[in-house]
**Student:** 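Here you go, one structure.
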Amino acid sequence: MGKKISLKETISIGIGGMVGGGIFAVLGLAVSLAKGGTPIAFLFAGILALITSYSYVNLSKKYPDRGGTVKFINKGYGKTIFSGGMNNLLWVSYIIMLSLYASAFGSYAPNLMEITANKSIDFHIYASAIIILATLINYYSIAVVGKIESYAVIIKLVILIAFIFIGAYGLIGNPNMAQLAMSEWETPIKLFAGGMVIFVAYEGFELIANAAPDIVDSEKNIPRAYYYSVIFVIALYIIIAFVTVGSLPFQKIATAQDYVLAEAAKPMLGKIGFSIITVAALISTFSAINASLYGGSRVNYEIAEDDELPHHFLSKFWNQPIGLMITAIATLILVNVLELESISTAGSVGFLLIFGIVNLAGFRLSKEIGGHKAIPLIGFVLCMLAAVILIVQEYTSNITGVLISLTLIVSCFLMEWIYKKTEK
């Protein structure tokens, strides 16, 4: 019997999962899409995460399992080609998230230390090196991954909250505050689409599901853990977006899009502020890569265990599931091939579909899990609508991201179909 997890630890799993590399990676992208309405875009995405967490609460209480989302999808739809395809998509979405975090690491790191005179080459070196390092740590010891996570959560929150207070003070009399005026907002549909592109910044609350069997007094603490962590992160993101848009002109945000949070600390704290936020970004993205590598290899293992992927995935390599190595290699390829917006779009589309399907499972199982039918149904409709709006909106500006998303989704189901057909 493992050690029980307290409410505080569970909340930090949720917050740590969300405030991973997400906010550092996608803040600049959010501003470029939503302009002055960026805080509203984060609010839209947050509300969707909050509605979805309702289904997660009821499913986690009824079916506490380390498989988390994988198990919920199998409970809702049986072990079919459909559920297998969705679970494959979950694993692939983990890989996309990993490349998003590695991409953020690669964008922030050269600002502290250049290796070559070329920023682009430095990006690839750093992004690749951090994946390799995190993979080695995962092979070395899972306990170390947990330790890194628990320290990283505290460090990044302290730095982000300090950024908010100092940044808010710096807003007094700042001419850029005018950018937050409603006249500077994008159209409602663009605000919504902007919120959906950056939906990946919220997906981490689903990690609480994997810890459900170990939570102390789970009936009471599971709902608290989900709701407290999601609400806290919504507030955090909205304020960060507010401070960033109020601190820097849009032009500056666009130039520093990939490391905008560090740039936003400059007006008040100069080069020191820039460096501190850069360090926070590196710690956050590194800890997110560490945790997601572990999570991704677990998901892959669970899917194979449920007979939805070939049993070769149950084999071990250096005492860890083979999925860990495959996940790491796939991440290395993606981060070196794709642009940030394409990675973010593909990740958001993947998670919107997965959360939509989990909401539908919450709706279908509402009698067994004892919850309202309406909330999961609303969550399902909104997630699907959001995925469609995101695809349509991005189709005009970022067709690569859309094509990658659709190709990945189709391959996940095709892979499952071929496996189920040949398995006989």
Side-chain angles (χ1 to χ4, degrees), residues 11-12 15-16 18-32 34-43 45-46 101 104-105 107-113 150-181 184-185 198 201-202 204 228-288:
I11 291 174
S12 81
I15 292 175
M18 287 181 277
V19 191
I23 184 72
F24 294 99
V26 299
L27 180 61
L29 183 60
V31 179
S32 72
K35 296 288 188 281
T38 305
I40 305 299
F42 273 110
L43 178 65
Y101 300 151
F105 190 94
S107 301
Y108 276 88
N111 294 314
L112 273 193
M113 197 178 95
S150 55
Y151 288 121
V153 169
I154 297 165
I155 296 170
K156 61 192 170 193
L157 283 182
V158 167
I159 295 179
L160 284 174
I161 290 166
F163 164 81
I164 285 173
F165 280 110
I166 295 164
Y169 178 70
L171 293 180
I172 301 165
N174 190 322
N176 296 313
M177 280 293 281
Q179 294 183 150
L180 288 157
E184 295 288 341
W185 293 12
I198 52 168
Y202 284 105
Y228 291 177
S229 58
V230 174
I231 290 167
F232 173 81
V233 171
I234 293 175
L236 184 74
Y237 284 173
I238 289 173
I239 301 168
I240 288 175
F242 189 85
V243 170
T244 305
V245 175
S247 298
L248 294 172
F250 287 138
Q251 196 46 53
K252 197 78 171 267
I253 293 174
T255 354
Q257 189 177 330
D258 297 343
Y259 51 90
V260 70
L261 212 60
E263 197 63 48
K266 250 189 185 164
M268 277 303 291
L269 294 169
K271 194 80 184 102
I272 293 174
F274 182 86
S275 303
I276 291 172
I277 295 287
T278 302
V279 169
L282 298 181
I283 293 171
S284 287
T285 45
F286 173 53
S287 84

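Treat the numbers as computed from the prediction; the structure is a model and nothing was measured. Hydrogens, waters and symmetry mates are skipped; everything else that's a heavy atom, side chains included, is used.
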**Student:** If we only count heavy atoms from C-beta on, is the L282 to L112 side-chain gap below 4.5 Å?
**Tutor:** yes

**Student:** When the ring planes of F42 and Y237 are compared, do they come out parallel, tilted or perpendicular, using 30° and 60° as the limits?
**Tutor:** tilted

**Student:** Any non-hydrogen side-chain atom of V230 less than 4.5 Å from a side-chain atom of M18?
**Tutor:** yes

**Student:** Within the 4.5 Å heavy-atom criterion, are L180 and P39 side-chain neighbours or not?
**Tutor:** yes

**Student:** Grab the two heavy atoms, one from M268 and one from G170, that are nearest each other, plus how far apart they are.
**Tutor:** SD-CA, 3.2 Å

**Student:** Hey, are the side chains of S247 and N176 touching, using non-hydrogen atoms and a 4.5 Å cut-off?
**Tutor:** no

**Student:** Within the 4.5 Å heavy-atom criterion, are L261 and Y108 side-chain neighbours or not?
**Tutor:** yes

**Student:** Does the side chain of Y259 come within less than 4.5 Å of T278's, by heavy atoms?
**Tutor:** no

**Student:** Please round to the nearest 0.5 Å and tell me the distance separating atom OG of S284 and atom CZ of F105.
**Tutor:** 11.0 Å

**Student:** Test your reading of the model: is there a side-chain donor-acceptor pair from W185 to the backbone of T38, 3.5 Å cut-off?
**Tutor:** no

**Student:** If you measure from CG on L29 to CG on D258, what distance do you get to the nearest 0.5 Å?
**Tutor:** 9.0 Å

**Student:** Under a 4.5 Å cut-off applied to non-hydrogen side-chain atoms, are S32 and I253 in contact?
**Tutor:** no

**Student:** Looking at every heavy atom in both K156 and S287, which two are closest together, and how far apart are they?
**Tutor:** NZ-OG, 3.3 Å

**Student:** About how many Å separate CD1 of I23 and CD1 of I240, when rounded to the nearest 0.5 Å?
**Tutor:** 5.0 Å

**Student:** Identify the two heavy atoms, one from T244 and one from A264, that lie closest to each other, and give their separation to 0.1 Å.
**Tutor:** CG2-CB, 4.0 Å

**Student:** Can you name the nearest heavy-atom pair linking V245 to K35, along with the distance?
**Tutor:** CG2-O, 4.2 Å

**Student:** When you look at CD1 of I172, are more than 12 heavy atoms from neighbouring residues, nucleotides or ligands closer to it than 6.0 Å?
**Tutor:** yes

**Student:** Run the side-chain contact (heavy atoms from CB on, under 4.5 Å) check on I164 and L236 step by step: do they pass?
**Tutor:** CA-CA 9 Å; I164 285 173; L236 184 74; 3.7 Å; yes

**Student:** Could you tell me whether a side-chain N or O of Q179 sits under 3.5 Å from a main-chain N or O of L248, the two making a donor and an acceptor?
**Tutor:** yes

**Student:** More than 12 heavy atoms of other residues, nucleotides or ligands under 6.0 Å from CZ of F242: is that the case?
**Tutor:** no

**Student:** Where is the tightest heavy-atom contact between F163 and A265, given as atom of each residue plus distance?
**Tutor:** CE1-N, 4.0 Å

**Student:** Testing the basics here: between I161 and F232, what is the closest heavy-atom pair and its distance to 0.1 Å?
**Tutor:** CD1-CZ, 4.4 Å

